[in-house]
Amino acid sequence: MDSFFYIMVRGLAIGILISAPMGPIGMLCIQRTLNKGRWPAFFTGIGAALSDLIYCLLTGLGLSFITDFIETNQLLLQIIGSVVLAVFAFYLFRKNPTRSLATPSDHPNTYWTDFGSGFLLTFSNPLILFFIIGLFARFNFLLPEFKYYHYVSGFLSIFAGALLWWFTITYFVNKVRSHFNVRSLWLINRIIGGLLLAMAVVGFIMGIKDYILIANE
């Protein structure tokens with residue numbers, strides 16, 4: 001039971017953190033909430049969440065073949081993962097998400113169209129794999145003692161975490177849509193970037209500390 005709790009909590013955190021940065025897909029969801037309503041935006045988020053899940057599965061399957069390497073280099077992977085998070089946090093600080101805001105279309109469409117556009121927009125960015133690898137390493141998501149059913153729960157938790165993020169953000173924007181300033185996404189990016197940077201610094205320091213302790217034994 002402890003193993004299920006361990007991987008499910010980390011899965012939820014990974015799913016939220018993958019979805020949270022306000023890139024083009026985040027801007028698209030905000031725009032659709034403001035212009036079309038909450039549910040078209042949420043279905044866009046579902047498409048993005050499914051794409052993220054596929055990339056997580058590809059990452060997990062790829063790393064599962066080198067479990068021994070992960071086990072013997074866990075601290076090194078944690079350090080590398082922390083560096084990846086730090087780089088991504090710096091990217092968020094520098095990026096202005098409002099530049100990707102497109103002019104909304106006047107043509108009516110369906111939830112399936114919203115879902116498909118969210119999926120394709122997210123899936124067209126394979127660089128997310130590097131971010132996922134960093135998160136997996138930072139949260140020690142892949143452990144040799146886990147069985148397949150642990151990973152089923154973990155990957156479902158990642159999907160649930162992503163859905164939770166899109167459900168929350170579309171609910172919030174819909175509630176304040178009459179007062180919402182899209183340019184405040186700059187501040188959201190700064191906050192998310194700051195949280196990722198703090199996690200990266202803590203993970204890097206702990207990894208270096210443990211690596212030194214092991215080296216001195």
Side-chain angles (χ1 to χ4, degrees), residues 11-59 85 88-132 134-135 155-197:
L12 283 171
I14 290 172
I16 292 172
L17 289 174
I18 291 174
S19 304
M22 285 295 166
I25 187 63
M27 286 300 303
L28 182 61
C29 284
I30 297 297
Q31 185 188 65
R32 284 181 175 171
T33 305
L34 294 174
N35 291 278
K36 298 171 60 178
R38 178 186 178 190
W39 293 113
F42 181 62
F43 272 85
T44 303
I46 294 176
L50 180 60
S51 176
D52 289 335
L53 177 62
I54 291 174
Y55 275 126
C56 286
L57 288 170
L58 291 175
T59 304
L85 290 184
F88 195 80
F90 180 74
Y91 168 78
L92 287 181
F93 270 101
R94 294 290 303 274
K95 183 175 177 63
N96 182 0
T98 60
R99 292 177 181 174
S100 61
L101 186 60
T103 302
S105 173
D106 294 329
H107 299 289
N109 56 9
T110 65
Y111 288 158
W112 283 110
T113 304
D114 298 322
F115 171 86
S117 61
F119 177 85
L120 292 176
L121 181 60
T122 306
F123 198 74
S124 64
N125 180 27
L127 293 179
I128 193 67
L129 280 171
F130 294 101
F131 184 42
I132 293 172
L135 288 174
F155 285 114
L156 287 177
S157 296
I158 290 176
F159 187 65
L163 291 182
L164 177 62
W165 169 260
W166 294 121
F167 184 87
T168 301
I169 197 69
T170 54
Y171 175 83
F172 172 76
V173 175
N174 189 59
K175 284 293 185 182
V176 298
R177 59 190 304 176
S178 60
H179 308 287
F180 192 80
N181 182 1
V182 178
R183 293 188 181 276
S184 64
L185 291 176
W186 181 285
L187 177 60
I188 295 176
N189 263 18
R190 291 295 179 90
I191 294 173
I192 296 171
L195 291 174
L196 291 177
L197 183 60

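In this structure, Pro40 and Arg32 approach most closely via the heavy-atom pair O-CD, 4.4 Å. Considering every non-hydrogen atom in both Thr122 and Tyr55, the closest pair reads O-CE1, 4.1 Å. Closest approach of Phe115 and Leu50 over heavy atoms only: CZ-CD2, 3.6 Å. Closest of all the heavy-atom pairs between Trp166 and Ala48 is NE1-CB, 4.2 Å. Nearest heavy-atom pair across Cys56 and Ile18 is SG-CD1, 3.6 Å. Between Ser117 and Leu28, the shortest heavy-atom distance links the atoms OG-CD2, 4.4 Å.
Residues Ile25 and Ser51 fail the side-chain proximity criterion, which asks for heavy atoms closer than 4.5 Å. In this structure, Ile158 and Asp52 have side chains that are not in contact, with every pair of non-hydrogen atoms separated by 4.5 Å or more. Between Phe172 and Thr33 there is no side-chain heavy-atom pair separated by less than 4.5 Å. A heavy-atom distance below 4.5 Å is found between the side chains of Ile128 and Phe131.
Every side chain to side chain contact (heavy atoms under 4.5 Å, CB included) that Phe43 has, sequence neighbours left out, goes to Ile46, Tyr111, Asp114.
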>> Go through it in stages, so that I can follow the logic: the residues are Leu164 and Ile16, the test is side-chain contact (heavy atoms from CB on, under 4.5 Å), and I'd like the CA-CA distance, side-chain angles, deciding distance and then a yes or no.
In response: CA-CA 7 Å; Leu164 177 62; Ile16 292 172; 4.2 Å; yes
> side-chain contact (heavy atoms from CB on, under 4.5 Å) between Tyr171 and Asn174: does it pass, once the steps are laid out?
Replying inline: CA-CA 5 Å; Tyr171 175 83; Asn174 189 59; 5.9 Å; no
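The distance from the CG atom of Leu12 to the CG atom of Leu163 is 10.5 Å, given to the nearest 0.5 Å. Rounded to the nearest 0.5 angstrom, Phe155 CZ and Ile14 CD1 are separated by 8.5 Å. The structure places CD1 of Ile30 at 11.0 Å from OG1 of Thr44, a figure rounded to the nearest 0.5 Å.
Geometrically, Arg38 engages Phe167 in a cation-pi contact defined by less than 6.0 Å to the ring centre and at most 45° from the axis.
Using cut-offs of 30° and 60° on the angle between ring planes, the pair Phe119 and Phe123 is parallel.
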